[in-house]
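Order of the sequence lines fixes the chain letters, A, B, ..., with proteins taken first and strands second; residue numbering starts at 1 for each chain.
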Number of protein chains: 2
Amino acid sequence: MLSPTAHMPDRFPARHANVIPIQPATNDTESRQGTVRCSTCSMRSICMPPELSAEDLAKLDTVICSSRSVKRGDTLYRAGDGFQSIYAIRVGSFKTVVMHRDGREHVTGFQIAGEALGLDGVCAGQHNCDAIALEDSVVCIIPFAKLEVLCRELRPMQHHIYQMMSSEIVRESGQMMLLGTMSAEQRLAAFLLNLSKRFKRRGFSPAEFNLRMTREEIGCYLGMKLETVSRMFSRFQRDRLVCANGKTVKITDPDGLARV
Amino acid sequence: MLSPTAHMPDRFPARHANVIPIQPATNDTESRQGTVRCSTCSMRSICMPPELSAEDLAKLDTVICSSRSVKRGDTLYRAGDGFQSIYAIRVGSFKTVVMHRDGREHVTGFQIAGEALGLDGVCAGQHNCDAIALEDSVVCIIPFAKLEVLCRELRPMQHHIYQMMSSEIVRESGQMMLLGTMSAEQRLAAFLLNLSKRFKRRGFSPAEFNLRMTREEIGCYLGMKLETVSRMFSRFQRDRLVCANGKTVKITDPDGLARV
DNA sequence: CGAAGTCTTGATCGAGGTCAAGAATTGTGG
DNA sequence: CCACAATTCTTGACCTCGATCAAGACTTCG
């Protein structure tokens, strides 16, 4: 584990996050959002295990007590940055990007409100990818060292973190299958249905939503070129499966889309 | 049924170092109820965190105390099987395969001695893929519920499990990048160099080793057809980067391979 | 030994990449 | 508010890498 004195990359203002000592609430100098409380957060049913008692939640509030705003296009963290915290998205959305030394980029995921960021950093003590906001966003900062302490006390939290990491492993397996075996058409269909499902889970319309990412970013996630993404959208439109107008997408025939 | 001793598959000539099963120091005669001891296992430096005390190891021995033999071609677990344990490979190697309902298969990983299997099961309480032995193998059985208890007591173990899961996330990110952005030639080169590195880590020759998987399995892992795998091997041979003879591979120009 | 599985190589084809041009959308400053 | 520049998106024409089909060689094993 990195020592608490591990230096902060200078592109991050030093007041950020993890250097804040073990002190509850009031001190979040860097947050533009004020105090964060899991105990009263509307996203809790998505972020946290259901079986936490009021007492457990109080403990949680001492660990997760600061947030951070990230403007569209800005990075939450970059590959190589020292790892101190994981993040839960409160508002907005992100993409995670890994880069090969030759400059080749690949989008490994899109994350929306209620989802976690940064789990890849535990492994080597430094982040493995860039996390970039697709729109103005707010994240809860979860200092990982403190979380580990908490997880030794609260069995449900411990299990929940294992589940979160395992889910990410399973998600990536599915994405590998998509990239390894599906046609461009099938990939885009799977992508849209997956987004739809996640929006639905959060109480939004599964049928109509706004894409926060460009065709190029979608392509980079699905392993194809932006022109191909555009062509597949046109094909779906022609086949009356979706009605796509720029970033606005309306899924008119989800079953048909699933059968592609 | 289960063979009492892990034997070396005789189809592999003995002159290749890594063919010799990576034998733990203890003589473990058998499956399932055979005694396994992390405290005296030669793989421990690969499987476990270094900072465990003798006392910690004794605790570990109460959790990880049985092993299981899996014959070539047999499954350790299947997608859908209830999740109870994770596994550490003592001897041999495996592939993990996810299947789409339409029958499409994708190999998500190859695991060799010292590596873990089954972490994908935590998420939904059931395994997400099939784990199939590529050769006669032996795994340590690690009951996950007991491991969780242990991790609440032993900080280094707790952190180690987080690291293992995070490593898997990072590994899969890299594989997604490979599948999403690289040419067939680059994929095979990256695959061979990755295997080489893992063998080296275990004290075997990084330059010469035996593939335990078929061209088809490699292709299914790298998102290409077996014919393409074969063609790429021939191309590397022509360019004097590797000397491939069926399953025997000798990397003659690792730098050249990395530059592909 | 023969059968089944695995590997190599050639010939051909097509999905998706590349290049190009123009349309639509978004953002910015006056 | 509009004008205009910068992104982003769509569509067409063409080309390439890797898939597909096919045949034969080699390996493994009962």
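- Ion pairing between B:R198 and B:E115 holds under the 4.0 Å rule for side-chain N and carboxylate O.
- Ion pair B:E185/B:R231 not flagged as a salt bridge, since none of the NZ, NE, NH1 or NH2 atoms sits closer than 4.0 Å to an Asp/Glu carboxylate oxygen.
- Using bins of under 30°, 30° to 60° and over 60° for the plane-to-plane angle, the ring pair A:Y77/A:H127 lands in the parallel bin.
- Figure legend: A:R215 and A:F233 shown as a cation-pi pair, the cationic atom lying under 6.0 angstrom from the six-membered ring centre and within 45 degrees of its axis.
- There is a side-chain donor-acceptor pair under 3.5 Å between B:T108 and B:T96.
- Residue A:R72 is in sugar-phosphate contact alone, with no base atom involved, counting any heavy-atom pair closer than 4.0 Å across all strands shown.
- Recorded end-axis angle for the helix from C:dC1-D:dG30 to C:dG30-D:dC1 stands at 50°, based on five pairs per end and rounded to 10 degrees.
- Of the side-chain N and O atoms in B:K225, one or more sit less than 4.0 angstrom from OP1 or OP2 of D:dT20.
- In this model, the phosphate group of C:dT9 is not approached by any side-chain N or O of B:S230 to a distance below 4.0 Å at OP1 or OP2.
- A:T214 has no side-chain polar atom (N or O) that falls below the 4.0 Å cut-off from OP1 or OP2 of D:dT7.
- The distance between the ring centers of A:F110 and A:Y221 falls below 6.0 angstrom.
- Contact annotation: side chain of A:E216 to base of D:dC9, donor-acceptor pair absent below 3.5 Å.
- In this model, a side-chain donor or acceptor of A:R231 finds a partner on the base of C:dT18 within 3.5 Å.
- Listed nucleotides C:dT25, D:dT10, D:dA19 differ in distance to A:S234; the shortest reach to its side chain belongs to D:dT10.
- Rounded to an integer number of Å, the gap from B:L211 CG to D:dT28 P is 13 Å.
- Regarding B:E217, its CD atom lies at a distance of 12 Å from the C1' atom of C:dG5, rounded to whole Å.
- Remark: C1' of D:dT10 and CZ of A:F233 are 12 Å apart, rounded to the nearest angstrom.
- Put simply, CZ on B:R212 is 18 Å from C1' on C:dT6, counting in whole angstrom units.
- Atom CG in A:N245 sits about 6 Å away from atom P in C:dT25, given to the nearest Å.
- Taking atom CE of residue A:M224 and atom P of nucleotide D:dT10, one finds them 13 Å apart after rounding to whole Å.
- Look at B:K247 and you won't find any side-chain N or O under 4.0 angstrom from OP1 or OP2 of C:dT6.
- Per the geometry, CD belonging to B:Q186 stands 9 Å off P belonging to D:dG18, to the nearest Å.
- The residue from A:R90, A:K71, A:R68, A:R212 that alone fulfils the salt bridge (charged side-chain N to carboxylate O under 4.0 Å, His left out) condition with A:D136 is A:K71.
- A residue-by-residue look at A:E227 and A:S183 shows that A:S183 has its nearest nucleotide of DNA chain C further toward the 5' end.
- In this structure, A:M182 places its CE atom 21 Å from P of D:dG18, rounding to the nearest Å.
- A:G219 comes within 4.0 angstrom of no nucleic acid atom, judged by non-hydrogen atoms across all strands.
- A:Q111 and A:S93 form no side-chain donor-acceptor contact under 3.5 Å, judged by distance and modelled atom types alone.
- In this structure, B:T228 and A:V229 both approach DNA chain D, and ranking their closest nucleotides by distance from the 5' end singles out A:V229.
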